[in-house]
2 protein chains.
Amino acid sequence: MDRQTTAKTHTMRALVELRKRILDGAIPGGTRLFEVALADDLQISRTPVREAMSRLAEEGLLERARNGGFLVRSFAYADVLDTIELRGVLEGTAARLAAERGASEKALKEISAIVRALDGCVGVHPDEVDFETYSELNSEFHDALAALPRSATLERELARAKQLPFASPSAFLPDKTKLSDFRRSLQVAQEQHREIVTAIARRQGSRAEALTREHACAARRNLEYIFSRDRNLVSTVPGLALVAPNDPALP
Amino acid sequence: MDRQTTAKTHTMRALVELRKRILDGAIPGGTRLFEVALADDLQISRTPVREAMSRLAEEGLLERARNGGFLVRSFAYADVLDTIELRGVLEGTAARLAAERGASEKALKEISAIVRALDGCVGVHPDEVDFETYSELNSEFHDALAALPRSATLERELARAKQLPFASPSAFLPDKTKLSDFRRSLQVAQEQHREIVTAIARRQGSRAEALTREHACAARRNLEYIFSRDRNLVSTVPGLALVAPNDPALP
DNA sequence: GATCCGTTCTATGTATACATTAGGCGTTCC
DNA sequence: GGAACGCCTAATGTATACATAGAACGGATC
């Protein structure tokens with residue numbers, strides 16, 4: 001982590017620090033960022049600070065204000081839901097196109113290997129599930145899925161969509177402490193992983209798309225659970241702290 | 001147009017000029033842009049040139065190179081197809097969500113008014129079709145559609161997707177000179193506009209989505225027509241000049 | 001002859017002084 | 001008293017000098 005903070009350039013340091021503060025909720029949504037104040041605060045000159053803000057705008061964490069300058073983007077609860085929905089739609093499209101266009105044998109073997117590795121994580125006794133490994137393999141699965149249709153355009157947009165921390169496929173994976181409660185949902189998700197790959201291999205585009213969309217709904221369910229039952233968990237999901245806490249639409 | 005070139009700030013001038021050169025194909029895809037050379041060429045200092053490049057990266061026309069600097073993004077024929085597909089998928093999602101969540105009476109009335117106005121353009125004698133008006137109303141329809149589900153997230157991403165000139169819903173509208181040849185396709189498109197709105201009003205989410213996706217396929221057909229039959233038209237579609245001319249995948 | 005190290009050059013990274021503009025606040029005139 | 005004009009200030013916009021890092025080339029040594 002210190003490696004990041006001690007990144008090569010001042011721009012990178014500013015980028016990492018700002019991103020951290022925004023995701024922490026330390027800088028609330030809607031805040032206007034003033035170059036001079038920020039530069040002063042970060043002990044970095046205006047130029048790299050501007051550059052960092054520009055990159056954060058590309059990431060979607062900031063938006064450009066009308067007369068220059070940047071605002072911290074604010075995310076309402078509904079926005080998080082929509083972001084998850086969007087990710088599901090894009091991943092569904094990746095699955096459908098992979099099926100329709102035909103994925104390469106090699107790529108199919110690779111994603112199948114990931115699924116088998118995930119099987120190893122899920123099938124055993126709940127207490128033995130290796131959270132870190134599962135989370136990593138899950139990310140790998142979703143990256144491999146995005147690459148299957150060999151569409152640079154789609155892969156790029158999907159990467160963009162997954163960039164917001166609460167839209168990442170691994171964002172709502174159960175915390176270690178809650179893992180056993182979620183064991184059933186992990187098994188369901190894993191069954192979906194398996195069938196998505198099967199559908200793609202069999203060129204069942206529509207089924208692959210539907211399965212993948214449904215798969216994304218798990219994230220939605222976990223989000224709803226967190227906000228309606230166990231608000232303490234908000235702090236365990238990266239970036240969820242920046243979701244407007246006073247949102248009237250919160251359940 | 002001169003208003004743009006004489007934009008307020010140097011950044012804007014650089015932005016407009018660079019965008020123009022890229023869309024013209026004057027700067028081919030893959031070209032690395034050097035700050036100093038560009039600044040010298042545009043008679044603007046490095047700072048606003050950098051800022052302009054940064055914004056073009058947000059737009060998707062440039063990409064950041066590994067060790068700093070920017071490359072002009074190169075679009076193969078397949079990328080254009082995928083971009084259209086992506087726009088169709090996102091618009092389809094907008095239509096489905098509008099149907100599922102229910103669009104407001106007011107918004108439905110507004111989009112219906114646009115459809116009626118379009119009827120006025122299409123229904124008459126081919127020679128009387130007002131190209132400018134049709135094109136403008138068509139854009140309005142697609143903007144209204146994007147706004148129907150009242151999802152800031154989706155509307156934002158859709159705006160992004162439509163930003164690339166060849167992904168815009170009006171990109172492949174028939175040129176004035178070819179208008180009569182395309183009259184039938186205009187009528188089909190207009191029928192789709194009507195039924196998309198009907199499906200949304202009746203809360204038929206799946207139908208609305210399918211219709212909207214199909215509607216985007218018209219752009220794909222026009223693109224294929226241009227590249228396989230009438231290459232001269234390439235210059236009539238904004239931004240199509242930047243598509244890699246030596247693409248082996250071209251039909 | 002090949003490899004490794006150093007130098008140099010060229011590109012971006014950074015700081016900062018100065019320019020400019022837009023928006024707020026006050027004053028003045030009607 | 002209200003509106004309009006103008007100034008002032010605080011923000012971004014711009015230019016530029018200087019720093020630095022990475023790649024390429026050359027020389028020297030093994």
task = Would you kindly give the CZ-to-P distance between B:R46 and C:dA17, to the nearest whole Å?
result = 18 Å
inquiry  = Strictly below 4.0 Å, N to O, side chains only: are B:R150 and A:D82 in salt-bridge contact?
reply    = no
key: side-chain N/O B:H10 vs C:dT20 OP1/OP2, d < 4.0 Å   = no
ask   = Closest to the B:S45 side chain: D:dA15, C:dT14, C:dG23?
value = D:dA15
Pair B:E85 + A:R96: basic N to acidic O under 4.0 Å = yes
Phosphate OP1/OP2 of D:dG13: any A:R50 side-chain N/O under 4.0 Å = yes
inquiry  = Would the base of D:dG22 count as contacting B:R66 through its side chain, where contact means a donor and an acceptor less than 3.5 Å apart?
reply    = no
message = Tell me if the centroids of the rings in B:F75 and B:F166 come within less than 6.0 Å of each other.
response = yes
query = Of all the choices, C:dA22, D:dT14, C:dT14, which nucleotide is nearest to the side chain of B:T47 once you look at every atom?
reply = D:dT14
message = Please report the distance, rounded to the nearest Å, between CZ in A:R13 and P in C:dT14.
response = 8 Å
With A:L38, the side-chain contact (heavy atoms from CB on, under 4.5 Å) member among A:I44, A:I27, A:L33 = A:L33
query = Atom CZ of B:R32 and atom P of C:dA11: how far apart are they, to the nearest Å?
reply = 9 Å
request  = Could you tell me the separation between the CD atom of B:E51 and the C1' atom of C:dT12, rounded to a whole number of Å?
outcome  = 16 Å
request  = Would you mind reading off the distance between A:M12 atom CE and D:dT20 atom P, rounded to a whole angstrom?
outcome  = 18 Å
query = Going by an N to O cut-off under 4.0 Å, is there a salt bridge joining B:E58 and B:R160?
reply = no
query = Closest to the B:I44 side chain: D:dG13, D:dG22, D:dA15?
reply = D:dA15
task = Whole angstrom is fine here: how far is it from CG in B:L38 over to P in C:dT10?
result = 18 Å
request  = Report the distance from atom CD of A:Q43 to atom P of C:dA15, rounded to the nearest whole Å.
outcome  = 10 Å
task = Please figure out whether A:N67 or A:P48 has its closest DNA chain C nucleotide nearer the 5' end.
result = A:P48
query = To the nearest Å, how far apart are A:E35 CD and C:dT14 P?
reply = 15 Å
